[in-house]
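Inspection log for the structure reproduced underneath, given as structure tokens.
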Amino acid sequence: MKHVARRVVTGHDSEGRSVIASDGEVEAFEVPPSAFANRIWATDAHPADNLDARDGAVVIETLATERGAAFYIVDWAPNSEFPEHRTATVDYGVVLSGELQAVLDSGEVATLRAGDAIVQRGTAHRWRNSTDEWCRTAFVLVGAAPVVVDGAELTPTMA
């Protein structure tokens with residue numbers, strides 16, 4: 001499987017008209033042990049600046065800043081499991097093709113299929129693809145305040 005995603009980015013010309021600013025493929029980077037991610041776009045401030053000339057794919061090197069957001073296409077390998085982690089973000093995910101399980105630290109499991117969505121709110125979880133097929137997902141991660149439970153901050157393990 002070729003781990004690329006086509007990315008079309010719009011912008012404005014000198015007269016304020018909408019234009020295609022770029023149209024091309026975004027190469028994936030490996031996220032060991034079992035995934036490939038395409039960083040489609042990211043911002044590092046809220047509200048975002050639609051006139052920021054930087055390429056959003058290189059604005060950040062991580063998931064999302066506290067005041068920003070990041071958009072990824074992620075491919076999950078067949079018969080694989082991504083280790084347990086907790087992000088410091090609210091994560092909106094959609095399964096585009098295949099099947100993926102969200103395994104929570106409570107032991108609960110949600111099986112997501114093409115068209116299903118998940119909202120991760122700073123929770124500890126693993127991703128499991130128990131099928132013989134690749135699974136493609138889209139995720140938008142938005143910076144969030146720390147999660148505090150009973151006076152203790154739950155520490156993110158992935159940033």
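Worth saying up front: this structure is predicted, and the values here are computed from it rather than measured. The chain is numbered in sequence order, starting from 1.
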How many angstroms lie between [atom1] in [X] and [atom2] in [Y], if you round to the nearest 0.5 Å?
X      : Y      : atom1 : atom2 : answer
Arg126 : Glu84  : CZ    : CD    : 6.5 Å
Arg113 : Asp116 : CZ    : CG    : 7.5 Å
Trp127 : Gln101 : CH2   : CD    : 10.5 Å
Ile118 : Asp91  : CD1   : CG    : 9.0 Å

According to a 4.5 Å side-chain heavy-atom criterion applied to Ile, Leu, Val, Met, Phe, Trp and Tyr, with indirect links allowed, do [X] and [Y] form part of one hydrophobic cluster?
X      : Y      : answer
Ile73  : Leu100 : no
Phe29  : Val74  : yes
Phe139 : Val58  : no
Trp41  : Leu141 : no
Val94  : Val142 : yes

So, for [X] and [Y], which heavy atoms are closest and what is the spacing to 0.1 Å?
X      : Y      : answer
Asn79  : Ser130 : OD1-O, 3.5 Å
Ser106 : Glu108 : OG-OE1, 3.1 Å
Arg121 : Val147 : O-CG2, 4.2 Å
Thr157 : His85  : OG1-CA, 3.1 Å
Ala64  : Thr89  : CB-CG2, 3.8 Å
Asp44  : Thr65  : CA-OG1, 3.6 Å

Report yes or no: does [X] contribute a side-chain atom to a donor-acceptor pair with the main-chain N or O of [Y] at less than 3.5 Å?
X      : Y      : result
Thr43  : Ala69  : yes
Asn38  : Ile40  : no
Asn129 : Trp76  : yes
Arg86  : Gly122 : yes

Tell me, please, which residues at least two apart from Pro33 pass side chain to side chain contact (heavy atoms under 4.5 Å, CB included).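 Pro33: side chain to side chain contact (heavy atoms under 4.5 Å, CB included) contacts with Phe82, Pro83.
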How about CD on Glu133, more than 12 heavy atoms from neighbouring residues, nucleotides or ligands closer than 6.0 Å, or not?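 Atom CD in Glu133 is not crowded, with 12 or fewer foreign heavy atoms closer than 6.0 Å.
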Taking everything shown except His46 itself, do over 12 heavy atoms lie less than 6.0 Å from its NE2?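 No.
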Would you check, one step at a time, whether the test side chain to side chain contact (heavy atoms under 4.5 Å, CB included) holds for Arg7 with Ser22? CA-CA 8 Å; Arg7 179 187 74 165; Ser22 66; 4.0 Å; yes
Salt bridge or not for Asp23 and Arg6, using N-O below 4.0 Å?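 Yes, charged N to carboxylate O under 4.0 Å.
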Leu104 side chain near Val109 side chain, heavy-atom distance below 4.5 Å: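 In short, these two side chains do not touch, never coming nearer than 4.5 Å.
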How far apart are the C-alpha atoms of Arg39 and Val26, what are their side-chain angles, what is the distance that settles it, and do they pass the side chain to side chain contact (heavy atoms under 4.5 Å, CB included) test? CA-CA 7 Å; Arg39 185 179 300 113; Val26 176; 5.6 Å; no
Ring-plane angle category for Trp134 and Phe36, please: parallel below 30°, perpendicular beyond 60°, tilted otherwise.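 Ring orientation, 0 to 90° scale: tilted.
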State which residues pass salt bridge (Lys or Arg N to Asp or Glu O under 4.0 Å) with Glu27; sequence neighbours excluded, sorted by chain then number.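 Result, salt bridge (Lys or Arg N to Asp or Glu O under 4.0 Å) vs Glu27: none returned.
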